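For ligands, and for the atoms within them, numbers begin at 1 and follow the listed sequence. Here the structure is a predicted model, which is why all the values come from computation and not from measurement. All values below were derived from every heavy atom in this structure, side-chain atoms included, with hydrogens, water molecules and symmetry-related copies excluded.
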Amino acid sequence: MSPKRTSYLRKRFCNTLIAAHVFILLSALCAYLLTSNIFGLLIVMISSYVAWFLGIDTKQSISDLKKEHQQVLESKKLIQHLADTDSLTGLANRSFAKSRFEAMQLELDPESEEIGLYFIDLDDFKSINDLFDHTVGDELLKIIATRLSRLVDNDGVVCRLGGDEFVLFVKANRPFDYDILAKEILLALSEPHAILGAQAEITASIGITVINDQVISFDNARKQADMAMYESKQSSRNNYCFYSENIHQDYMKSLNILNALKNALNNHVFDLHFQPKVNIKTHEVVGAEALLRWTRENPDNLTPGDFIPVIESTELIHDIGAWVVQQACIECAEWHKKGHKISVAVNVSALQLTRIGFYEIVINSLHTSGLDAKYLELELTEHSLIQENPMIKSQLKALKKLGIHLSIDDFGTGYSNMGYLTSMEVDTLKLDKCFITEIENSSDSFAIVTAINGMADVLGMNIVAEGVEKESEREVLEDIGCEIGQGYLWSKALSSTNFVDFVGRNVPVLDPA
Ligand code: C2E
Ligand code: CA
Ligand code: CA
């Protein structure tokens with residue numbers, strides 16, 4: 001209490017005390033005058049004082065009680081607020097969101113209303129923490145919380161489940177355009193964030209489920225949206241996907257694969273195989289692409305097409321990817337010792353490049369194997385190069401400086417913006433198999449291959465035609481002037497020993513059958 005208020009209260013108390021005394025004395029005087037009895041006077045005075053003190057005491061107790069009650073109410077409110085909110089962002093936490101969801105569900109008119117629940121997971125948030133520090137990561141989460149909150153009205157709920165996972169749900173009148181809200185969320189999050197002098201960029205993957213009954217629990221609805229989010233992360237990040245029965249089944253399949261892959265590296269379940277890259281005219285082997293094979297304890301003979309997207313959607317890709325680079329360098333250095341001075345190419349996913357430390361992984365692999373950097377090639381997707389991610393760009397530029405070659409995998413299937421080809425100093429374009437398969441039957445495919453080959457010539461890049469299976473395809477490619485090919489026409493991916501034999505024999509043309 002302020003000193004001013006204390007002196008004011010004291011003054012008021014004194015005035016009341018004087019007034020009470022005057023009142024008691026006057027009442028006692030009246031009693032004396034009326035009864036002319038000194039005992040009566042004393043009795044009236046004493047009982048008046050007792051009554052007066054009791055009155056003051058009771059009043060004081062009531063006011064104390066009132067104050068305490070108010071304090072208890074305020075503390076309760078604070079405790080409830082703390083129990084309901086996420087301490088970092090101030091958003092609803094899981095348990096509060098659950099109760100809001102249940103309340104919303106009870107009020108739902110199943111004829112016309114439904115709940116749209118969005119599970120939002122930031123893409124590779126860990127690299128923000130690695131790149132900057134945790135303070136920046138925390139600030140980013142707070143900004144994201146504010147941006148998400150702006151997208152819903154008072155009835156909508158935004159909650160942080162923990163880490164970089166958020167849930168947002170709204171009551172919607174059917175029909176509701178869930179795509180619009182999903183796009184708004186992606187847009188709101190992808191705008192650059194200026195934090196503590198740093199410029200952080202992030203995207204998110206979203207899963208959506210639509211609830212129109214009062215049966216499904218909040219946790220199950222959240223799980224459905226989580227599965228849809230996982231699907232969206234696997235296909236392409238910065239995107240959204242709706243929950244469906246198929247997605248549920250894919251998710252369960254991925255979960256089984258992930259369980260089987262636990263401790264995969266320690267259990268040595270992988271091998272690295274090598275598919276020859278061959279001079280289309282002379283059939284001489286000029287290099288190899290390293291391809292991951294799950295050779296031991298593979299539950300359903302899963303192919304790379306089955307398990308690599310699962311690995312790429314988790315942190316596993318970093319350790320497995322590092323092992324691939326290391327192993328490829330070691331094997332290639334061995335080929336050199338045997339007199340085969342050819343290069344090795346490894347597939348690198350965008351996610352690997354977003355993580356700080358990929359550059360060091362490459363340096364260490366070159367160092368321990370003794371391989372010259374110019375014999376190592378990284379096969380990247382257009383998606384990796386098109387991203388405005390500073391970590392990807394800086395690591396690739398540093399790798400290029402070492403003398404490492406870059407090639408674009410599945411070229412022609414992705415983007416039309418090709419500015420990155422020259423800005424990132426790409427060395428090789430790998431023409432996607434789909435053009436080669438169609439090269440004899442489709443004039444479009446023929447024209448595309450011819451055009452890309454011409455463009456590569458002008459830009460001083462190499463071309464590798466992927467998936468060459470027939471001699472007739474090879475002939476067309478030779479006519480176009482394409483120099484290097486890869487495909488079952490020459491060989492499938494081989495174990496390192498078989499690959500060395502293949503190079504040694506330098507077999508001209510194999511029958512793919
Ligand atoms: P990719 O990089 O496009 O690799 C070429 C794929 O085409 C390989 O499939 C190869 O076996 C297959 N292929 C080669 N020639 C022919 C042909 O003439 N006909 C047909 N039908 N197919 C041919 P694979 O080994 O199943 O790999 C599939 C994909 O998995 C690869 O596609 C690549 O994206 C990914 N992958 C493989 N190994 C790794 C790895 O170590 N790391 C990463 N991140 N991805 C990998
Ligand atoms: Ca490849
Ligand atoms: Ca490819």
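Of all protein heavy atoms, the one closest to atom 36 (N) of ligand 1 is Ile308 CD1, 3.1 Å. Among protein heavy atoms, atom 44 (N) of ligand 1 sits closest to Glu312 OE2, 3.1 Å.
Residue contact check: Glu469 has heavy atoms under 4.0 Å from atoms 17 (C), 18 (O), 19 (N), 20 (C), 21 (N) of ligand 1. Ligand-side atoms of ligand 1 in range of Val324: 41 (O), range being under 4.0 angstrom from any heavy atom. Within the listing of ligand 1, atoms 3 (O) sit less than 4.0 angstrom from a heavy atom of Asp410.
The aromatic rings of Phe274 and Trp335 sit perpendicular, their planes meeting at an angle over 60°, well past the 30° parallel limit. Using cut-offs of 30° and 60° for the angle between ring planes, the Trp323 and Phe270 rings count as tilted.
Note on Glu289: its N/O/S atom closest to the Ca ion (ligand 2) is OE2. Looking only at its N/O/S atoms, Glu379 has OE1 as the one nearest to the Ca ion (ligand 2). Within Asp409, the N/O/S atom positioned nearest the Ca ion (ligand 2) carries the name OD2.
Pairing each heavy atom of Ser232 with each of Asn239, the nearest pair is OG-O, 3.1 Å.
There is no protein heavy atom closer than 4.0 angstrom to atom 32 (O) of ligand 1.
Not a single N/O/S atom of Asp432, whether from backbone or side chain, sits less than 3.0 Å from the Ca ion (ligand 3).
Counting heavy atoms from C-beta outward, Leu421 and Met455 have side chains that approach closer than 4.5 Å.
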